[in-house]
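Because only heavy atoms are used, hydrogens play no part in the values below, and waters and symmetry mates are left out as well, while side chains stay in. All values derive from a computational prediction rather than experimental measurement. Counting starts at 1 for both ligands and their atoms, following the listed order.
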Amino acid sequence: MSADLLRALRAIAGEPHVLTGTDAAPYLTDWRKVATGRALAVVRPGSTGQVRDVVRACVAAGAPVVPQGGNTGQVAGATPDASGRSVVVQLGRMNRVRSIDVENDTLVAEAGCVLQQVQQAAHAAGRLFPLSLGAEGTCQIGGNLATNAGGTQVLRYGNARELALGLEVVTAEGEVWNGLRALRKDNTGYDLRDLYIGSEGTLGIITAAALKLFPLPVAQRTALAATGSIARAVALLARARAMLGAELTAFELMSAVALRLVPAHFPQQRLPLPAQAPWYVLMETSDTESEARAGARFDALLAAALEAGEIDDAALAQSVAQSNAFWHLRESITLAVAAEGKCAKHDISMPTSRLGEFVTATDAALQANFPGVRSATFGHLGDGNLHYNILQPAGQRADEFAAAQERLSALVHERVAAAGGSISAEQGIGGLRTADLERFEDPVKLALLRRVKQALDPLGLMNPGKVLA
Ligand code: FAD
């Protein structure tokens with residue numbers, strides 16, 4: 001049976017695009033290297049029709065289908081299980097920007113377009129596609145939509161869901177839903193688009209998307225500011241919102257521990273401030289009028305924040321290159337954390353007003369229960385979203401830390417739930433957080449999610465074991 005399926009897949013996608021054995025290996029381990037699976041094959045279809053035919057062949061053979069984009073996900077959602085029966089459908093060959101409509105401010109891209117490629121296509125047409133995240137040189141727009149990715153511009157432009165107007169999807173049963181209408185208003189029935197977005201490959205395969213574009217900013221200002229506490233950073237956020245309104249496009253928080261890991265692992269990167277304060281904020285404003293206006297309004301904000309004691313010091317980027325260097329520091333934290341050793345990662349959100357107290361109390365509870373762990377927290381404070389990363393104690397054996405990790409994460413997530421927060425703000429559930437979803441989610445919601453899954457994937461072949469265990 002599996003030989004028949006392999007033959008069918010080769011006939012559909014072409015022999016060179018059906019990978020097995022060592023050729024398939026790079027696609028079978030997740031980005032964090034916490035999960036490795038096996039697969040009958042990794043297929044790289046080149047068109048929507050080929051994706052449809054691959055799904056139909058898998059349905060006929062009863063083989064699970066695992067959609068995969070850039071494989072940068074943080075929750076092992078694109079990794080097959082250990083059975084070896086799955087077919088990984090890797091979308092990388094579907095990488096055409098199909099059209100740009102500047103007047104309508106929209107762009108249609110195939111799912112396998114790398115995010116940076118979409119940003120560049122928009123820029124070349126004099127427009128902005130604002131989704132932006134550290135993995136943008138590798139992750140794909142299909143993966144971004146499947147995970148409802150967040151990133152650094154959510155504060156101003158919303159997450160991936162808010163940036164998509166329409167989708168083309170190959171359903172779990174191998175039909176093509178053409179929902180690529182680039183409309184800002186369309187109240188025709190239940191919103192299937194929003195159901196597929198964020199479904200992490202468990203309901204169907206996104207093959208293309210109609211995306212929203214925006215005006216390019218005329219001027220930007222970026223500053224890295226030192227602050228004494230999360231409470232002060234939250235006060236600064238309120239001030240920045242009040243003084244800059246929609247011009248405030250990013251507001252990122254980093255602990256000194258997280259920030260210092262970057263030059264420690266990548267010595268070519270320098271900190272523009274001595275990292276003596278406990279917390280740092282990376283702020284950016286985007287002005288659509290003029291350089292002079294951007295500069296005056298940002299300077300006024302920094303002066304008021306210094307005066308109010310919300311920040312102790314700030315480095316203002318003097319050029320685009322310097323601004324890029326500040327962002328490079330921020331975006332290198334994930335890699336620096338990975339290089340530092342074992343880490344228990346938590347992607348949490350809660351009302352910003354509760355974050356300061358949560359971090360102080362949870363840091364203390366972790367020290368009491370797991371002495372020596374180090375909290376390398378950073379994230380999108382403007383969205384109430386922190387990557388609450390707990391590093392193994394210096395010198396501890398990796399297996400000792402791994403043995404404690406389940407208890408440690410339970411402690412963190414119980415506190416998140418008690419604070420009215422979410423145990424997955426932007427990265428999704430994947431294969432790593434299914435038990436937490438089960439434990440912390442509302443039971444009525446869970447029952448409805450199961451019915452949705454049953455309705456759209458009646459055979460249970462789309463990315464089994466992900467989101468709902
Ligand atoms: P993959 O990892 O390949 O897949 C992710 C999930 O989507 C899987 O469940 C997969 O089955 C499904 N999937 C993929 N493509 C499709 C498709 N075409 N149709 C249906 N399902 C599909 N995430 C954020 O939200 N914000 C951040 O700021 C952020 N920063 C990051 C920084 C770094 C350095 C790294 C490594 C990751 C970061 N991430 C961030 C996580 C990751 O980049 C995002 O989750 C991204 O959206 C995943 O895209 P991908 O193409 O790599 O998807």
*Asks:* Identify, for atom 50 (P) of ligand 1, the protein heavy atom at the shortest distance, and state residue, atom and that distance.
*Replies:* Gly70 N, 3.5 Å
*Asks:* Between Glu175 and Arg56, does any side-chain N to carboxylate O distance fall below 4.0 Å?
*Replies:*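 Salt bridge between Glu175 and Arg56, a charged N being under 4.0 Å from a carboxylate O: no.
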*Asks:* At a 4.0 Å cut-off, with the gap strictly under it, does some heavy atom of Gly151 reach an atom of ligand 1?
*Replies:* yes
*Asks:* Please state which part of Asn144 comes within less than 4.0 Å of ligand 1, counting heavy atoms only: side chain, backbone, both or neither.
*Replies:*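 Both parts.
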*Asks:* Give a yes or no on this: more than 12 heavy atoms of other residues, nucleotides or ligands lie within 6.0 Å of atom CD of Gln269.
*Replies:* yes
*Asks:* Could you tell me whether Val66 approaches ligand 1 through its side chain, its backbone, both or neither, with non-hydrogen atoms closer than 4.0 Å?
*Replies:*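 No part of Val66 is near ligand 1 at this cut-off.
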*Asks:* Considering only protein heavy atoms, which is closest to atom 25 (O) of ligand 1, and at what distance to one decimal place?
*Replies:*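 Checked against all protein heavy atoms, atom 25 (O) of ligand 1 sits closest to Gly150 N, 2.9 Å.
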*Asks:* Atom 2 (O) of ligand 1: which protein heavy atom is closest, and how many Å away?
*Replies:*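 The answer is Gly73 N, 2.8 Å.
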*Asks:* Is it the case that the ring center of His387 lies less than 6.0 angstrom away from the ring center of His346?
*Replies:* no
*Asks:* Name all pairs fulfilling the side chain to side chain donor-acceptor pair (under 3.5 Å) condition that reach into residues 202-212, sequence neighbours left out, sorted by first residue then second.
*Replies:* Glu168-Thr207
*Asks:* Would Leu335 and Phe266 count as a side-chain contact (heavy atoms from CB on, under 4.5 Å) if you check the C-alpha gap in whole Å, the side-chain angles of each, and the deciding distance to 0.1 Å?
*Replies:* CA-CA 10 Å; Leu335 290 165; Phe266 310 112; 3.8 Å; yes
*Asks:* To the nearest 0.1 Å, how far is atom 53 (O) of ligand 1 from its closest protein heavy atom, and which atom is that?
*Replies:* Gly143 CA, 3.6 Å
*Asks:* What do you reckon, does Glu331 put a non-hydrogen atom under 4.0 Å from ligand 1?
*Replies:*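 False for this residue.
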*Asks:* Is the closest heavy atom of Gly204 to ligand 1 under 4.0 Å?
*Replies:* yes
*Asks:* Considering Ala78, Ala146, Gly379 one by one, which has a heavy atom nearer to atom 21 (N) of ligand 1 than any of the others?
*Replies:*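 Selected option, by shortest heavy-atom distance: Ala146.
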*Asks:* Would you say Gln427 has any N or O atom under 3.5 Å from an N or O of ligand 1, going by distance alone?
*Replies:* no
*Asks:* State whether the number of non-hydrogen atoms from other residues, nucleotides or ligands found under 6.0 Å of Arg184 atom CZ is greater than 12.
*Replies:*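 Above 12, so yes.
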*Asks:* Looking only at protein heavy atoms, which one is nearest to atom 1 (P) of ligand 1, and how far off is it?
*Replies:*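 So the nearest neighbour among protein heavy atoms is Asn71 N, 3.6 Å.
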*Asks:* Could you check atom 6 (C) of ligand 1 against the protein and tell me its nearest heavy-atom contact, residue, atom and distance included?
*Replies:* Thr147 CG2, 3.6 Å
*Asks:* My understanding is that we take every heavy atom of each candidate and find the minimum distance to atom 40 (C) of ligand 1. Doing that for Leu133, Asn148, Asp30, Val89, which one comes out nearest?
*Replies:*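 Residue with the shortest heavy-atom distance to the ligand atom: Leu133.
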*Asks:* Take Met283 and Phe298 through the side-chain contact (heavy atoms from CB on, under 4.5 Å) test and state the conclusion after the steps.
*Replies:* CA-CA 10 Å; Met283 258 190 306; Phe298 205 50; 4.2 Å; yes
*Asks:* Would you kindly specify which portion of Thr72 sits under 4.0 Å from ligand 1, judged on non-hydrogen atoms: side chain, backbone, both or neither?
*Replies:* both
*Asks:* Under 4.0 Å between a side-chain nitrogen and a carboxylate oxygen: does that hold for Arg221 and Glu284?
*Replies:* no
*Asks:* Taking atom 10 (C) of ligand 1 as the point of reference, which of Ser199, Gly201, Pro67 owns the nearest heavy atom?
*Replies:* Pro67
*Asks:* What protein heavy atom is closest to atom 35 (C) of ligand 1, reported as residue, atom name and distance in Å?
*Replies:* Ala135 CB, 3.6 Å
*Asks:* For atom 24 (C) of ligand 1, which of Lys466, Met462, Glu426 has the closest heavy atom?
*Replies:* Glu426
*Asks:* Evaluate side-chain contact (heavy atoms from CB on, under 4.5 Å) for Leu19 paired with Arg44, printing each intermediate quantity in order.
*Replies:* CA-CA 8 Å; Leu19 312 178; Arg44 304 189 73 233; 4.1 Å; yes
*Asks:* Answer yes when Asp30 and Arg32 have at least one side-chain N-carboxylate O distance shorter than 4.0 Å, and no when they do not.
*Replies:* no
*Asks:* Looking at Glu252 and Arg330, is any side-chain nitrogen of the basic one under 4.0 Å from a carboxylate oxygen of the acidic one?
*Replies:*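 A salt bridge is present here (some side-chain N lies under 4.0 Å from a carboxylate O).
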*Asks:* One residue to check: Ile206. Relative to ligand 1, which of side chain, backbone, both or neither has a non-hydrogen atom less than 4.0 Å away?
*Replies:*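 Ile206 to ligand 1: contacts from backbone and side chain alike.
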*Asks:* State whether Glu441 and Arg450 are salt-bridged, where the test is any N-O pair (Lys NZ or Arg NE/NH1/NH2 against Asp/Glu carboxylate O) under 4.0 Å.
*Replies:*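 Between Arg450 and Glu441 there is no salt bridge, as every charged N stays at least 4.0 Å from the carboxylate O atoms.
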*Asks:* Are any of the N or O atoms of Arg330 closer than 3.5 Å to those of ligand 1?
*Replies:* no
*Asks:* Report yes if some N/O of Gly69 lies less than 3.5 Å from some N/O of ligand 1; otherwise report no.
*Replies:* yes
*Asks:* For the aromatic rings, using the six-membered ring if either is Trp, is the centroid distance between Tyr388 and Phe358 under 6.0 Å?
*Replies:*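 That pair passes the under 6.0 Å test.
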*Asks:* For atom 36 (C) of ligand 1, what is the nearest protein heavy atom, given as residue, atom name and distance?
*Replies:*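 Protein heavy atom with the smallest distance to atom 36 (C) of ligand 1: Trp31 CE2, 3.3 Å.
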